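This report concerns only the one structure given below.
Note on naming: letters A, B, ... go to the chains in the order of the sequence lines (proteins, then strands), and numbering restarts at 1 for each one. These figures come from a predicted structure and were not determined experimentally.
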Amino acid sequence: RIHVEQVKLLDRFSTSNKSLTGTLYLTATHLLFIDSHQKETWILHHHIASVEKLALTTSGCPLVIQCKNFRIVHFIVPRERDCHDIYNSLLQLSKQAKYEDLYAFSYNPKQNDSERLQGWQVIDLAEEYKRMGVPNSHWQLSDANREYKICETYPRELYVPQIASKPIIVGSSKFRSKGRFPVLSYYHQDKEAAICRCSQPLSGFSARCLEDEHLLQAISKANPVNRYMYVMDTRPKLNAMANRAAGKGYENEDNYSNIRFQFVGIENIHVMRSSLQKLLEVSGTKGLSVNDFYSGLESSGWLRHIKAVMDAAIFLAKAIMVENASVLVHCSDGWDRTSQVCSLGSLLLDSYYRTIKGFMLVLSGGVRCGHLDGDPKEVSPVFTQFLECVWHLTEQFPQAFEFNEEFLLQIHEHIHSCQFGNFLGNCQKEREELKLKEKTYSLWPFLLEDQKKYINPLYSFKSQRFTVLEPNTVSFNFKFWRNMYHQFDRTLHPRQSVFNIIMNMNEQNKQLQKDIQDLESKIKQRKNKQTDGVLTKELLHSVCPESPTLKTSLRFKEQTLLPVNDALRTIEGSSPADNRYSEYAEEFSKPEPAVVSLEYGVARMTC
Amino acid sequence: MEFSELIRTGRAQAQLLRGPEAPPLRGTLCVTGHHLLLSPGPQSTPDLWLLLLRSVDSIEKRVAGDSGTITLRCKDLRVLQLEIEGVEATLDIARSIEALSSLESVITSFPFFYRPKGLRLGDSWHFLPPERYYKRVARETDAWRLSEVNEDFGLCPSYPRAVIVPRAVDDDVLARSARFRQGGRFPVLSYSHAPSGTVLLRSSQPLTGPQKRRCAEDEELLRAVLAGARPGARGFILDTRSAQAAKQARMTGGGTEAKAAYPGWKRLHRPLERGRPLQESFVRLVEACGDPEQSMDRWLSRLEGCRWLAHVKEALSTACLAAQAMEREGACILVHGAEGTDSTLLVTSLAQLILDPMSRTIAGFQELIEREWIQAGHPFQLRCAHSAFSQARPKHEAPTFLLFLDCVWQLGRQFPLSLEFGEGLLLALFEHAYASPFGTFLCNSEKERCLCEVRTRTHSLWSGLNQPKEQRKLRNPLYVLNPLAIWPSVEPQSLRLWQGLFLRWTHPPEPAEVAWEKVWQIVTGREETEGSQPTASA
């Protein structure tokens, strides 16, 4: 435990070195900074991606902390020794060696065991298969992996075609990287078509596997309408070919009857990680010019990757909706890109996944099939990328999603927080071994409790129920997600939130409706009790003075002028000092230099 | 002049293609003096399709076999295609459109013939912005007076008849100062910020020339400004050119205020793009927006290359600087560039939107545009003669007013509750500035408008827009009066491309419009109670 006084917190985007002074504390789980206005900044150790000590300055020793939720804080610690202590402690604290040391295992929200268990049961994957309509005459629950004997990274319960026998499954799994043989991911009941997933085949240059060929045939036969199925390799063709030299590779169309093979060209996780890194470097630049921003955005390639994932999901959805074909999706090991594409594809197809609970299922499903995001040390862009794709969909279809941006941000926060058990462990087996359900809590009930904050007021259940989303992926449609990458840089945000105000009005309207009903029932009661003559006068007397209608409308007027609900993201009017142009003005008061050229080149000013 | 001389053919059979979303129209095409008409056959919908010829920016014709194609690129960035039967007819129609769309005479333009139902000539022209605004100023301070020194436009042809000037200086001083300023644009009041007791002024550059001439009356005028403001107020002269450009202007007779001559005033240079580079930026942006097939990288690099958003950022941050100096530093501001009719107005009008809640209402915004753009002498006819598609080399064209509208749109995005008007009004202003049946944006100055009798012979755009049926398109349903100044973020991450304008025709945002309709329903509380508890249904 450390506590250091007189620490300065610098504003990341201010060029004038504006700062807040306060005290920095380190606890077992958090870094806490309390400034002179008693405002608290909490940073979870698990969120810390990197700590950097910069060269000593006259005012002290600078310490820059980058977090996985894209918060960047810049402290100046007066004494170097303190800085060194903080630095070392943070390094140790943010590198938890063992799972058991993760925050989730000590986090205690004051629930008893049965509440905890109930929390874990909010999302029921077995129930979800029933909703999709399996098992049925074409698809069955296989117990082949019950003891994790065939594939360690798959869950116990897997759905496979009715006609696929156990020997076929076992044979196929031996021909697939990490034993991840084709299994059902999503079943489209109306089209009787399936989305399946697996890893790459160990085909090398010429190897074949009859069982694998049988299994693929079984999948295509399980679709009574279209006997052709697509095999989608989400990798760029070049990468897939390179894998052949290592004895892996992709399906040879000639060996499999009834398949159509297709590459969709999503780059691998390493490319994505460095792309995200570049994006963050650009957006974090002090005094960024518009041109540098756009050229940086372009060279990071981030939006190009987002578009690639989106295009793949659209391909998938179209194959099912237009051609009525089943699709098998894989990449190399079948977790990152495959999970992204399958999840996004089913989100386009099935409006249920666009509800709050449905979206939780999608995320749980991604983890269930062995999504490598569980490693707390890796800053993986895969989940971020998936959430960003969903955000782009919400931008294009403002009425199609039950949840809002805040919900996506909150989920992103907890993917890295390690505060709840949901995103720990890489596969079901590991999660069982960690006893997550007994030792940690599930995030979902906490989000559901706060549901009001996450509702999209424009969501239209009625009109969206049966719609399949067909996003347009022209380049114009992809934008930088400011509210994600700058979620803690409040000066960059819109100063008023439309969502909050609409939420409030919606609430008001509902309240008014209720008031009307109340009043109407009161009138009825009175009518029953009293004679007609007295009625009108009485009513006027009793109702008017405490008219709830009036009260609500007054309350509304006051509320709209205040920062509503989420004070963090709403600053009315705000202050010009928060913005960068203020720095010009600070020059007003300076003596009289001949020519002042400011840091960011564009502005030159002569006094 | 007879339009009939320019119309080479009466009519032809044609099909109109209006982009991917709207269905094609087939019927009889007809060119009249001001319009292109397409009347569908009797069997189809009775709607007559009408295009103001003035709004055609460029025309391209192609003939093949016995039919032809005319591509019309409009000033509002729409692209239309006409497929016409008959080669002769195609060529004739194309020539007619070319001739009629580029007529320069003001008094034969459509606004002088437009007589819509329900509007009376002369309505809404009655408000005289400087006079009206003076009444407001006079309530707050008596340091200012309304001068009619420009009654006959003799002093300054681009100023209105009446201007607001310091009470302490008489008309002779104004006359002398006018002679010292380019185009006679002496410093006048643009906005008085009562909460801090400071003012915003605008003018053109002083004619110091290479000899660094001075003008005692001009100096007196600015001295009087500081004397009339809050005690101890300082002044800043915000020059919208770079220090170097301002210095160079001396060689051609212009220049900038010498420090020693204006005690209490300090000069700041914030270069803003104007003229041809701005027009080229606009053209390149529109080009980039016309290609939906381009890759992500290409799109981003073109967005960067056209520099449009950089201009938006510069304009906004300069306006913020002016506003901030007034509100926080308690300083008076004089804005000018060279002529004082472009970037100067951009800065003064944006600064007012930031500071003044009144100008953020629909009525106040209309008044602001009338006062700070139209009456202040922004040469609309020259600047908006052509839009982004014209192949002619730009002479005087520049999208300064569009840049202003874009900045206002950015403000509206960052403060979605603080503007009483929505995107609809901004889009309408853009359209009407370039081609309009109304007279509001005609001519280059008040003097010209008087000569052409625009006020008595045409209808005002404001009376057109303020009809009840237009309101839903223009209004922001979420508006709540915000008495504070609105300080936008000018970081590149906070600025966005105005899709509603630049991608309006290529890329219709349908779901967004439906959602907006839903917002209206929620706000007006007229929402049918469709089991609209999404939570329960999930």
Which region of A/R304, side chain (C-beta onward) or backbone (N, CA, C, O), has a non-hydrogen atom less than 4.5 Å from a non-hydrogen atom of chain B, or is it both or neither? both
Using non-hydrogen atoms and a 4.5 Å limit, figure out which bit of B/D291 sits close to chain A: side chain, backbone, both or neither. backbone
Working note: A/W302 + B/M296, criterion side-chain contact (heavy atoms from CB on, under 4.5 Å); need CA distance, chi angles, decisive distance, verdict. CA-CA 10 Å; A/W302 182 251; B/M296 193 58 123; over 6 Å; no
Choice from A/L448, A/T473, A/L303 maximising heavy atom contacts with chain B below 4.5 Å: A/L303
So, the side chain of B/Q499 versus the backbone of A/F476: is there a donor-acceptor pair under 3.5 Å, distance only? yes
For B/S301, is it the side chain, the backbone, both or neither that has a heavy atom under 4.5 Å from a heavy atom of chain A? both
Should we say atom NZ of B/K247 is surrounded by more than 12 heavy atoms from elsewhere, each under 6.0 Å from it? no
Under 4.5 Å from a heavy atom of chain A, the part of B/A323 involved: neither
Verify side-chain contact (heavy atoms from CB on, under 4.5 Å) between B/W299 and A/V474, making sure each step is shown before the conclusion. CA-CA 10 Å; B/W299 161 242; A/V474 290; over 6 Å; no
Using non-hydrogen atoms only, which part of B/T318 is less than 4.5 Å away from chain A: side chain, backbone, both, or neither? neither
Are side-chain heavy atoms of B/Q493 and A/L288 found at a separation under 4.5 Å? yes
Distance-minimising heavy-atom pair for B/L495 and A/Y294: O-OH, 4.1 Å
